[in-house]
Structures are given as C-alpha cells and as structure tokens.
Amino acid sequence: MKKFLLGTVALVALGTASAVAADLPARTYTKAPVYAAPIYNWTGIYVGAHIGAAFGGDDGFTTTNALLRGTDRDAAFLGGGQLGADYQFAPNWLVGIEGQISALSNSDRTFTDGTLVLRDRSDWLASVTGRLGYTWGPGLIYAKGGVAFRDDNGLAANFPGVTNRESTGYTVGGGLEYMFAPAWSAKVEYQYYNFDTTTAVFADPALTGVSYKDDLHTVKVGVNYRFNWGGPVVAKY
C-alpha cells in the first residue's frame, strides 16, 4: 500500500512539472555582437606642420688662397609646413606627391683670410617630391625624392667677385608615419638636400677663390591632418 501511494505521488509530481514547462515561453537566442575592425584609409589630401634641425653635409673645400680658412656650416633649427596627396592601392602600397617648405634659423658658412670675408647663408628650404610607401594598418613607411629649392641671395662678401650658387637641386629621404586618431597622423622623417657645388672667384683669381659641395641633412617631426576620400572602410567579423 505504501509503495502504491509513493508511486502515485511521483506520477502526479511529474505531470505537474511537465505542464508548467509547457506553459513557459520559448527560449530566445541572441546573436554574438558583430566586431568591426577598421581598415585604415591613406587615400586623400593632407596638410600639416613640422619642426626639426638641419646639419651641414660635406665641410671640405678647395681654394687658391693658402690663407683662406672656412668654418663648418652651423646646425640650424627649422620649422614649416607641407601639403600633399596620397593614393593607396594593392592594398598595402601607397604613392603620393608632397610640397614642403621650411624656414631655417641660421645655416651659415663663412670663409676668410683675415681680410676677405665670404658668407653663405640659407634662410629657407623647399621641395616637391614624389613618395612611395608601404602601409600596415595605422603604420606607413615611405621613401621620397624630387626637386629641392632654396633662397637665391645666400652669398655675401666684403669685396667684388663672380659667384656661382645653385638655388635648385635634388632631395631624397624617407620616414615613418603613424595614424594615431581618425584623420590625424604623426611622422618622423629624414631628408637630404644637395645643391651641387658653390664657387666664388673674385676680382683677382690669383688672389682668392673657393669651391665647396653645398648640401644639408635634415631630421623632422610633424603632424598631418587628412581629408580622406570616401571615408574609412570597415571590415565586419
């Protein structure tokens, strides 16, 4: 009798549990959230500013005056701006063009024999370069090269003479750029400027003359603001 009563209670309890389960709402399933990984877009126009330093290259010279002595070109502070455009392709490569101008604080070189004095000074540098780069996400490494320019009134002397000083030359360099925020990037860059050879021959060539290679090494840090064409692309996972 006791076994019969226990079995009956068990059946009733099982039936009640089944009925309650049948009345519960169906379980809902939610999709995992979509993860959006940004694909950095380097294509577009940019404008920026930079600061840095310029250092003289080859400090050697030749002269017909045994008494003539020359100083090395002074290190100079520089600052300026740049404007450029890039196109990203294939999909990690980039080509672009950039115009840049930098003012120089003091980039002097002086020659004297105690009486005659010749000074060579550059107040600004500029360049128009093409560049080729490789990107990986927010990073970009690039090489650049093109035409260099400088002010055309850099030679001054305390006696008459004939001078030849190039105001146009060539430039090569490279750098690393990093996109640290939407539309903003920071860069560090090395750029070499070469203006061939400067010569000065004065009223009496037997008295004095000087010839030297005219080049500069520069290191710059800067920031760019990018006006991307079409906005950033996003990949969903």
Side-chain angles (χ1 to χ4, degrees), residues 38-57 73-108 121-154 166-196 214-232:
I39 297 178
Y40 293 87
N41 178 23
W42 292 87
T43 296
I45 296 171
Y46 63 89
V47 61
H50 63 265
I51 59 172
F55 307 91
R73 188 177 292 277
D74 296 337
F77 171 82
L78 62 82
Q82 61 271 356
L83 174 66
D86 289 324
Y87 177 72
Q88 185 176 342
F89 66 97
N92 296 103
W93 290 94
L94 174 149
V95 292
I97 186 170
E98 181 182 85
Q100 187 178 105
I101 186 166
S102 307
L104 296 169
S105 63
N106 62 320
S107 184
D108 297 358
R121 177 186 178 92
S122 293
D123 292 322
W124 56 264
L125 296 169
S127 63
V128 177
T129 57
R131 71 175 187 167
L132 174 67
Y134 181 83
T135 71
W136 65 98
L140 167 67
I141 187 169
Y142 62 89
K144 62 188 294 186
V147 183
F149 309 92
R150 65 177 174 178
D151 53 310
D152 196 26
N153 57 350
E166 300 294 338
S167 57
T168 304
Y170 73 87
T171 180
V172 293
L176 179 66
E177 195 164 346
Y178 187 83
M179 199 176 293
F180 62 88
W184 287 96
S185 62
K187 71 171 185 175
V188 58
E189 178 180 276
Y190 164 79
Q191 193 166 349
Y192 171 74
Y193 298 80
N194 187 300
F195 296 98
D196 201 13
D214 214 341
D215 60 348
L216 286 169
H217 301 271
T218 66
V219 179
K220 308 165 192 171
V221 294
V223 293
N224 288 324
Y225 181 81
R226 298 182 165 273
F227 303 91
N228 296 108
W229 297 337

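When reading the values below, keep in mind they use all heavy atoms of this one structure, side chains included, and skip hydrogens, waters and symmetry mates.
Between Ser122 and Asp151 there is a side-chain heavy-atom pair separated by less than 4.5 Å. His217 places none of its side-chain heavy atoms less than 4.5 Å from the side chain of Tyr193. Residues Tyr170 and Asp215 form no side-chain contact, since every pair of their non-hydrogen atoms from C-beta on lies 4.5 Å or further apart. By the 4.5 Å heavy-atom criterion applied to side chains, Phe77 and Ile51 are counted as neighbours. Contact check for Arg73 versus Arg121: no side-chain heavy atoms found under the 4.5 Å cut-off. You'll find the side chain of Leu94 stays beyond 4.5 Å of the side chain of Leu132, heavy atoms only.
In summary, Asp214 and Arg150 engage in a salt bridge, as defined by a charged side-chain N under 4.0 Å from a carboxylate O. A salt bridge links Asp86 with Arg226: the distance from a Lys NZ or Arg NE/NH1/NH2 to an Asp or Glu carboxylate oxygen falls below 4.0 Å.
Between Tyr87 and Phe89, the ring-plane angle classifies as parallel under the 30° and 60° cut-offs.
A donor-acceptor pair is defined here as one N or O able to donate and one able to accept, closer than 3.5 Å; no such pair exists between the side chain of Asn224 and the backbone of Tyr46. For Asp152 (side chain) and Ser167 (main-chain N/O), no donor-acceptor pair under 3.5 Å exists by modelled atom type. The backbone N or O of Gln88 sits less than 3.5 Å from a side-chain atom of Thr43, completing a donor-acceptor pair. A donor-acceptor pair under 3.5 Å is formed between the side chain of Thr171 and the backbone N or O of Tyr192. No side-chain donor-acceptor contact under 3.5 Å links Glu166 to the backbone of Gly169.
In this structure, Phe180 has no ring-ring contact (aromatic ring centres under 6.0 Å, His included) partners at least two apart in sequence or on a different chain. For Tyr134, the ring-ring contact (aromatic ring centres under 6.0 Å, His included) partners at least two apart in sequence or on another chain are Trp93.
Neither side chain, Glu98 nor Thr129, offers a donor N or O lying under 3.5 Å from an acceptor on the other. Counting only N and O atoms by type, the side chains of Ser127 and Gln191 include a donor and acceptor under 3.5 Å apart.
Phe195 contributes atom CZ, which lies 9.0 Å from atom CZ of Phe149 (distance to the nearest 0.5 angstrom). To the nearest 0.5 angstrom, Tyr142 atom OH is 4.5 Å from Lys187 atom NZ. Leu176 CG to Ile141 CD1: the interatomic distance, rounded to the nearest 0.5 Å, is 6.0 Å. From Tyr40, atom OH reaches atom CG of Leu140 across 13.5 Å, with rounding to the nearest 0.5 Å. Once rounded to the nearest 0.5 Å, the distance linking CG of Leu216 with CG of Leu78 reads 9.5 Å. Separating the CG atom in Asp196 from the OG1 atom in Thr168 is a distance of 11.5 Å, to the nearest 0.5 Å.
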Inset, instruction - Give the intermediate values and the outcome of side-chain contact (heavy atoms from CB on, under 4.5 Å) for residues Asn228 and Trp42. - result: CA-CA 7 Å; Asn228 296 108; Trp42 292 87; 5.8 Å; no
Legend entry - Intermediate values then yes/no, side-chain contact (heavy atoms from CB on, under 4.5 Å), Glu189 and His50: CA-CA 10 Å; Glu189 178 180 276; His50 63 265; over 6 Å; no
Inset, instruction - Would you please test Trp124 and Leu104 for side-chain contact (heavy atoms from CB on, under 4.5 Å) and show each step? - result: CA-CA 5 Å; Trp124 56 264; Leu104 296 169; 5.7 Å; no
